[in-house]
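Only heavy atoms go into these numbers, but all of them, side chains included; no hydrogens, no water, no symmetry mates.
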Amino acid sequence: MSASSAFSDEKGGSASEPEYGHDPASGGIFSSDYKRHDDLKEMLDSNKDSLKLEAMKRIVAMIARGKNASDLFPAVVKNVACKNIEVKKLVYVYLVRYAEEQQDLALLSISTFQRGLKDPNQLIRASALRVLSSIRVTIIVPIMMLAIKEAASDMSPYVRKTAAHAIPKLHSLDPEQKDQLIEVIEKLLADKTTLVAGSVVMAFEEVCPDRIDLIHKNYRKLCNLLIDVEEWGQVVIINMLTRYARTQFLNPNINESLLEENSEKAFYASDDEEEEDKKAEPATLAKRKPYVMDPDHRLLLRNTKPLLQSRNAAVVMAVAQLYFHLAPKAEVGIIAKALVRLMRSHSEVQYVVLQNVATMSIKRRGMFEPYLKSFYIRSTDPTQIKVLKLEVLTNLANETNISTILREFQTYIKSMDKDFVAASIQAIGRCATNIGEVRDTCLNGLVQLLSNRDELVVAESVVVIKKLLQMQPEQHSDIIKHMAKLIDNIQVPMARASILWLIGEYCEHVPKIAPDVLRKMAKSFTNEEDIVKLQIINLAAKLYLTNSKQSKLLTQYVLNLAKYDQNYDIRDRARFIRQLIVPTDKSGALSKYAKKLFLALKPAPVLESPFKDRDHFQLGSLSHLLNAKAAGYQELPNWPESAPDPSVRNVEVKDSIPDWSKCSSRKDRKEKKVEKPFYSDSEGESGPTESADSDSGSGSASASGSDESGSGSESEESGEETESDEEEEDEEEEKKKRKKLDKTKAKKQAEESAERCTIHTIHQISTFSCFAQTPVLKQPPKQSKKESKKETQEMSLLDLDDSPASASVTPVNFLSSSLVSDLEGLSLTDTILAPTVSSIKMYELLHRIKGEGLAVEYCFSRQPFSPEPNMVAVQIQFTNNTNSETKNLHIEDPRLQSGMRIREFAEIGLQPTGESVTVVMGIDFCDSTQAANFQLCTHTRKFFVSIQPPVGELMTPAFLTENDFKKEQGKLMGMNEILEKLTLGEKCVNEHVIVERVTATANLSRVPCGSDKECRFAGKTVSSGCLVLVTVTTKEGGGAQLTVNCEKMLIGTMLVKDILQALSQ
Amino acid sequence: MIHSLFLVNASGDIFLEKHWKSVVSRSVCDYFFEALERATEPENVPPVIPTPHHFLINVLRHRIYFVAVIQSEVPPLFVIEFLHRVVDTFQDYFGVCSEAAIKDNVVVVYELLEEMLDNGFPLATESNILKELIKPPTILRTVVNTITGSTNVGEQLPTGQLSVVPWRRTGVKYTNNEAYFDVVEEIDAIIDKSGSTITAEIQGVIDACVKLTGMPDLTLSFMNPRLLDDVSFHPCVRFKRWEAERILSFIPPDGNFRLLSYHVSSQNLVAIPVYVKHNISFREGSSQGRFELTLGPKQTMGKAVESVLVSSQLPRGVLNANLSPSQGTYTFDPVTKLLSWDVGKINPQKLPSLKGSVSLQTGASKPDENPTINIQFKIQQLAISGLKVNRLDMYGEKYKPFKGIKYMTKAGKFQVRT
């Protein structure tokens, strides 16, 4: 590395630097800095990459040490377009560091990144977006916004991931963009790749954590993807889902807590759980409904459980807190083992885990009891770990294990670490208060400690004994006497104060000693600490009230001393007490009650864990650790009283994630074989977002370049329940077959497109599914790169629409054609027999179940829409399957892309049960396949629906003569012409079938043609009236060539795709 | 998430800083230095320190504090785990993670940090991906780079990030294909004064060094998988397969990695391989104390106990120790009061012992605490739990790899109370 030489220079430079500073004669640090930077500037301006690199390395080293290098900004920024990758990277590092300070100059670099955003290579696009979004310059907010939006619809999941990362950056730069960013987040949340999931949820948590409604539709998908997401993403997703589940599901412990209440009472005597139970009780009693766990709740618990085995402590902790907050009591136990395992990790991890275990062990003691010994303390543990372990041990102590725990504590008291010894004594005190049986044993042990040589130990024992004695003072007057003697030796203020309080409080038990102690204390009053002084006054007052004969003078003396004390609290207290206890003529009515005031029976203190009630913070969070709300902490909501509508999580049937549990229960192996591709297919339908990985193993495995890798089976397995070996093997074989097919296809296409992009081969294969899907994209070789890029972009924009309508247009594009024909054989024969039926295809707008009985279907009737000729007529059929009438059916609140318009149908006043009504509405799609979104309203409900037209429905037939056709075709050459070779499907045997297929796909009319090898079709787009010309030329041996001429390239591209599809079947 | 990172050395100097968002002034570390001063021992600095506007989460490794600056709520373990991952990466790249190594490779460090986090959120933490992005510095490469001026940033764009097996590089090629697995078990135990075991458990790991061409798919099965009570896996291991068949099936990362760590169920009694006889006593009024220590093997299944090292923190009142070992050497540091005895191998015929007297400070009273004795040892070719690998198979590639499995038992946190 050339850095080594650079470094020796650098070190020399830095070593000499202080000299400049110290020597005033050398002209000060500025000139030397200036000089030094001068040569850096020269190096940066040179033509040699090696010099530039060395300069950049030195600059980065300066930044790393926190030295200011901002004056080099212009020189560095110039190199942003440098060819050398390392120089470029270091320039990026510099830029991100200093752009904020030099906003104007930073703008110079923007164009480079904008160019990078359009690069055909996904990695370059991603890195350009990453740097662009990291530059914190407010002026470029609109550019960033645009870049993020574009990248969010990129076909590469890696770029989309980068877009998700960029969202919080932009949000922190300009919070006003929030609304727009939320739209992007919503879009990315629908993404089905594991790569994107973690990043977008992170963005969600930073930008709009309260928009829980965005999660509904993606909930099941997130649960299913979880295991394959990278570990950091898992943490974020699990934490978010915990919060989500708390708002959507019912408390799984409602009934149990009711049942167990009685039996548990003895055990959890001090638990606050009971209070909760009591609160929950009326609700449960009222309902008396047996609790049934929402299947989605179960899904979450089931899918997170394997992650307890993660090597990443943060993931394990995230799952543990999820179970603690969400799981039924009986199931929480499983997390204990994993948490105990984490205790073997680094001490920082131990620290955090122990804090959480301490909180959990208060509420669910039984969970950690089997692991009691894992919390035993070693002398080599850091003190903070020791103290936390002690806390846990104390929480776990009960009647059965207290003897072993106390024996452990005894050895701890002998430790050399005094802070730890003090904590141990406190712990013994807490055990003694909580468990009555051992109180005396503990007390005796503590009294023995009073003779310890270490003063700290003694002091701590005194404080604890004081608290214990308060529980049963009568039996322990000799202990009090013993302690009175100690006052001569103990110097620790807290302990002295405790002893004095004890003697004062129980002066009746030690009538002889108490006045003597007061006498001693009166002597040393002026030298005592404040808390001790206050207790001396206290003791004096109490003695005055009980034994005024012996202590009257002493009390007067002490009060006089206190009157002139430096501390105003003490002066105050003295004045107050004097008024209260010494009867004068002026003294008010209160002095009568002085005795009651001072010698009232005081309740014994409750020794509580500092971790009690900490579980109102989400466990594992920073706020929980600090026991204070940190900025940006999201409250963990309480369980809802009644469950919100679970149907919000239902996803439209067509692009829903297959329900794996059902899938696994299917017994018939054969059926499965057929269903599999169907499923992956249906997943695929919803758009290309998952193109890189949803196609389960096949795409991904080939991406990694191996023929027989089993990784394919893994991702499937993870989703499914257990399968038998045999099945798995079969499946793998099948997959191999498929993979081979895919691969050959991919290879061919890759070759074809080799010139278009210079991407790494493997990358190409990994993204082949994108190519496979858009075969027409291959440009004629002579076309400029720029154009192809544009195309790609537009493609990806369109592809992102994932409404069901578009899905049905391209149902099988992910599968290799042979398999498709195998599968679809049956349905195809159908189509041929009744072409007219299939040409008007019904699409579903609202499913019967989702619409609560109202089913809505639509079709493109291909009739001109009379009120407005440039609208597409959409025929909508309402079927009322409910038991009641539906009223006031109408459209509301259309959300349309700019330029699009809707002509609503007239409101349907009344629709009786079981009847169907058909209406026609017009939509101007502006010649794009963007969906038209609107709300369908009845008198009770509103449904969000969207209509997305297949491209073929955006045109009307145009009637041309052969000559006109040729003339028009001549005008639409070059860029506007798309040529594609294809192999006709088995069924496309004659012209007739071809014509049928084409007209079924697109609303075109046949143009007469002299040659029987050619079929010509013409149409024009509905909205703008652009001509669309299609020519199919058949060749010998089933080959054919498809030519589409259209001014609107986008329409052309998509049409080619659709027709190709139709013909090759 | 993570805002900035400061590296602080043992003497309390910041020697590297890196910011992922706006620059946070290094004065924020003052709060950390305060905590550092308050802590009696270096490892007693609280891992999370709240300051008025930020939170500092720090990790101590190799005598370097890695201090991350956080501005808002984030799971502390998330940050801690990430910082440890950073240290592991440095260690992987430079062999050691020391201040000198980091300073020498500051540019590589910076490039690594840049790739590992984006806007404070982890981006690429798999060592295989990072190595594709940034080549680790080797002596040869350093020389070549100085002469030719080439770079250590990967020329090819990394494809690993796009892959479904992100932990494995593509296009791996070796002339010798080898896969080595080390089964290492550690015994954690506390033995009480009388020699009875208070708690003992076995924690094990399987570390692997896999150098195989292409994309191999390995399966590893055990003779007695029921022994494993609690396991945690490298992400490459297929969990379902383990659940169903107790077989480890995985596509390994390239190079060294930890395949599995496990815990042997506590129901099984743990065989303690060594015993200690000790007699440490101080008499009241005398400035001398007696010190006797004898070690012996116990339940070692016929294997030799090697590399034995005994250490003990003697009470503060101890001035000096005058001891004679029957084998090995011992040292006593009068400042830290740390006694350590390097025993070597235990010979069952002639048990090693350390006898003599310790002198107390004049006037100091008899210490009432007794020192604990920490023992380290190694036993080669033995997994104390009895775990045995049954077989290792490879699918997906044609060649025949060389396979090797090594067993070892070590002392983990092995303490004897006196």
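With a 4.5 angstrom heavy-atom cutoff, A:V316 does not touch chain B via any of its atoms. Contact annotation for A:E205: neither backbone nor side-chain heavy atoms come within less than 4.5 Å of a heavy atom of chain B. Residue A:M202 touches chain B through its side chain alone, counting heavy-atom pairs closer than 4.5 Å. Contacts between A:Q355 and chain B at a heavy-atom distance below 4.5 Å are absent for every atom of the residue. With a 4.5 angstrom heavy-atom cutoff, A:V349 touches chain B via backbone and side-chain atoms both. Only the side chain of A:E206 comes within contact range of chain B, with heavy atoms under 4.5 Å apart. Contacts of A:Y633 with chain B are made by both backbone and side-chain atoms, with heavy-atom separations under 4.5 Å. Contacts between A:I377 and chain B at a heavy-atom distance below 4.5 Å involve the backbone alone (N, CA, C, O). Both the backbone and the side chain of B:P46 come within contact range of chain A, each with at least one heavy atom under 4.5 Å from a heavy atom of that chain. Heavy-atom distances place the side chain of A:N239, and not its backbone, under 4.5 Å from chain B. Of the two parts of B:E186, only the side chain, counted from C-beta on, holds a non-hydrogen atom closer than 4.5 Å to a non-hydrogen atom of chain A. Neither the backbone nor the side chain of B:L83 comes within contact range of chain A, judged by heavy atoms closer than 4.5 Å. Of the atoms belonging to A:I413, not a single heavy atom falls under 4.5 Å from chain B. Neither the backbone nor the side chain of A:Q618 comes within less than 4.5 Å of any heavy atom of chain B.
By the 6.0 Å contact criterion, NZ on B:K337 is enclosed, its count of non-hydrogen atoms from other residues, nucleotides or ligands being greater than 12.
Panel note: side chain A:Q384, backbone B:V45; a donor-acceptor pair is recorded below 3.5 Å. B:N44 places a side-chain N or O within 3.5 Å of a backbone atom of A:T383 that can act as its donor or acceptor partner. At distances below 3.5 Å, at least one donor-acceptor pair connects side-chain atoms of B:E73 with backbone N or O atoms of A:S623. Between the side chain of A:R378 and the backbone N or O of B:K413 there is at least one donor-acceptor pair closer than 3.5 Å.
Residues passing the salt bridge (Lys or Arg N to Asp or Glu O under 4.0 Å) test with A:R407: none are found, sequence neighbours excluded. Applying the salt bridge (Lys or Arg N to Asp or Glu O under 4.0 Å) test to A:E348 and every residue at least two apart in sequence or in another chain returns nothing.
The shortest side-chain heavy-atom distance between A:L90 and B:E111 falls under the 4.5 Å cut-off.
What you find for B:L117 and A:R130 is that their closest heavy atoms are O-NH2, 3.4 Å. Looking at every heavy atom in both residues, A:R136 comes nearest to B:W20 through NH1-O, 4.0 Å. Summarising the geometry of A:A64 relative to B:V106, their closest heavy-atom pair is CB-CG2, 3.6 Å, with the distance given to 0.1 Å. Residues B:R26 and A:G66 share a closest heavy-atom pair of NH2-CA, 3.7 Å. B:V231 approaches A:R341 most closely through the heavy-atom pair O-NH1, 3.3 Å. The two residues B:P75 and A:V235 make their nearest non-hydrogen contact at CG-CG1, 4.1 Å.
A distance of 6.0 Å or more separates the ring centres of B:F121 and A:W232.
The aromatic rings of A:H346 and B:H84 lie parallel to each other, with less than 30° between the two planes, well short of the 60° mark.
Judged by distance alone, the side chains of B:Q415 and A:S379 do bring a donor and an acceptor atom under 3.5 Å apart.
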